[in-house]
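Notes follow once the structure below has been shown.
Per chain, numbering begins at 1; letters A, B, ... match sequence-line order. As a basis for the values below, the full set of heavy atoms in this structure was taken, side chains included, without hydrogen atoms, waters or symmetry mates.
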Amino acid sequence: MIRVQEKDFDVGLELSRMTENHHEVGAQSVFVGLVRDMANTGKISSMTLEHYPGMTEKQLATIEEEAHKRWSLNDVLIIHRFGILQPGDRIVLVATTSPHRTASLESCQFIIDWLKTKAPFWKLESGPLGEVWVDSQEKDERAAIKWDTEDS
Amino acid sequence: MIRVQEKDFDVGLELSRMTENHHEVGAQSVFVGLVRDMANTGKISSMTLEHYPGMTEKQLATIEEEAHKRWSLNDVLIIHRFGILQPGDRIVLVATTSPHRTASLESCQFIIDWLKTKAPFWKLESGPLGEVWVDSQEKDERAAIKWDTEDS
Amino acid sequence: MRLLYFGWVRARIGISGETLDPPRNVIDVYSLIDWLKMRGGGYQEALEDPTLIRVAVNQEITTLDTQIHHSDEVALFPPMTGG
Amino acid sequence: MRLLYFGWVRARIGISGETLDPPRNVIDVYSLIDWLKMRGGGYQEALEDPTLIRVAVNQEITTLDTQIHHSDEVALFPPMTGG
């Protein structure tokens with residue numbers, strides 16, 4: 001399941017839903033991304049997440065489908081927030097369940113690497129230097145590309 | 001923090017505690033292990049986790065310390081249950097927080113690989129053939145050894 | 001043609017989107033960018049270095065040499081920073 | 001010497017632990033296993049194949065050639081299956 005929303009999510013509730021009454025699940029791997037208070041330019045006061053409505057949902061659905069193709073998974077959950085967030089706020093939740101741990105661990109990492117470079121979000125940090133757009137990271141590109149080459 | 005306990009744990013509560021008022025955290029990676037209803041011998045009715053009290057805590061503390069040595073982490077949490085569990089019950093929670101996702105993702109996987117072969121637990125499944133001890137998996141050995149060679 | 005701008009491309013151009021009617025010689029994203037830059041001001045500033053620009057046509061990520069048509073939704077933006 | 005048994009080693013021997021006074025020629029875990037096997041019954045069955053046996057001395061995982069003393073806590077068990 002994928003969700004793009006402004007409001008926060010309840011991690012415990014979301015994770016329980018994926019495993020309750022699903023006794024074929026042996027492993028659940030989870031990633032929670034949060035707004036850090038430190039940016040390159042100093043302490044930030046807020047972060048605005050802009051996104052491309054419509055395309056975001058399409059991209060996330062593509063990632064979800066790709067994860068199911070590559071691994072034997074019981075379920076995939078991706079929740080990505082947009083809007084104005086404060087330090088300590090949750091940004092993203094990725095969770096995958098599978099009978100065995102390797103599929104679940106690998107697919108969770110795959111999805112988060114993918115989101116970094118292929119989900120249409122743009123981050124604007126408000127800090128001591130005013131508003132600064134977060135640059136894409138070359139290491140994020142490399143992390144995402146790694147999954148392409150492993151595939152071929 | 002490490003905990004060895006008979007009772008269940010509240011995943012949402014445990015994860016929130018690690019990030020609330022810790023605004024230096026940008027990434028939290030989590031693994032939840034659960035009792036699957038399918039074993040090699042068929043559907044199981046329960047699983048008994050035997051452990052070595054005292055040594056279990058020592059081993060888990062060693063793993064925690066090793067993770068902190070290898071990665072720059074804000075926090076590590078390992079909760080491992082023992083006793084009689086039913087299909088769908090949670091067995092283990094591993095969670096790591098760090099400013100950046102790579103440290104958190106890698107250390108979480110490291111810890112779960114380590115636990116599989118170096119935490120003194122033994123699993124007894126009750127199923128259609130009666131009680132059967134779960135064999136250690138050669139692939140678990142390989143997964144754990146991988147971290148040794150990466151280290152050297 | 002429906003145009004959408006995101007991130008600092010949007011901030012520099014000053015609007016989040018618009019519907020424009022590019023001339024016939026705008027056949028792909030490259031020529032669209034060249035045409036927009038001629039409008040000057042924020043467009044020139046936002047699109048100055050096309051190597052920094054990413055594009056989606058009809059909500060699919062693609063390359064700057066992609067052919068485009070009047071009925072397309074074309075979005076221009078900096079590299080994405082999700083997750 | 002404090003001895004502890006876990007997993008199917010415990011199940012086959014039939015007790016979870018005991019305090020024994022091994023003879024002088026029991027100098028390492030190998031010779032402890034040999035001596036225990038001579039007690040027959042569950043010990044023989046549990047320890048028949050020493051390659052399947054893992055050992056901790058004073059709660060530290062170690063190898064079967066580790067020297068042991070009367071004051072040690074020695075635990076014998078199958079490969080661990082945590083997580």
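Within the 4.5 angstrom heavy-atom criterion, no atom of B:Ala95 approaches chain A. In this structure, the portion of B:Thr19 lying under 4.5 Å from any heavy atom of chain A is its side chain and not its backbone. Proximity to chain A involves both the backbone and the side chain of B:Asp113, based on heavy atoms less than 4.5 angstrom apart. Of the atoms belonging to A:Asn74, not a single heavy atom falls under 4.5 Å from chain B.
For chain B, the option among A:Leu15, A:Val25, A:Val35 with the highest count of heavy-atom pairs below 4.5 Å is A:Val25. Top candidate by heavy-atom pairs under 4.5 Å with chain B, chosen from A:Val11, A:Asp37, A:Asp10, is A:Asp37. With chain A as the partner, the residue from B:Met38, B:Glu24, B:Lys139 showing the most heavy-atom pairs under 4.5 Å is B:Glu24. With respect to chain A, the highest number of heavy-atom pairs below 4.5 Å among B:Gln109, B:Glu20, B:Arg90 belongs to B:Gln109. The greatest number of non-hydrogen atom pairs below 4.5 Å with chain A, out of B:Gly88, B:Ser104, B:Gly33, is found for B:Gly88.
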Item checked: Derivation and outcome, side-chain contact (heavy atoms from CB on, under 4.5 Å), residues A:Trp133 and A:Lys123 -> CA-CA 6 Å; A:Trp133 290 97; A:Lys123 291 172 180 160; 6.0 Å; no
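With respect to B:Asp89 and B:Lys7, no salt bridge is recorded, no charged nitrogen being found less than 4.0 Å from a carboxylate O. Classification of A:Glu14 and A:Arg3 as a salt-bridged pair holds, one side-chain N sitting under 4.0 Å from a carboxylate O.
Between A:His51 and A:Phe121, the ring planes lie parallel to each other; the angle is under 30°, not in the 30° to 60° tilted range.
Here the rule is side-chain hydrogen bond (donor to acceptor under 3.5 Å, both in side chains) with B:Ser107, and of B:Thr96, B:Thr102, B:Thr97 only B:Thr96 fits it.
At distances below 3.5 Å, at least one donor-acceptor pair connects side-chain atoms of A:Ser29 with backbone N or O atoms of A:Leu105.
Between B:Tyr52 and B:Trp122, a ring centre-to-centre spacing not shorter than 6.0 Å is recorded.
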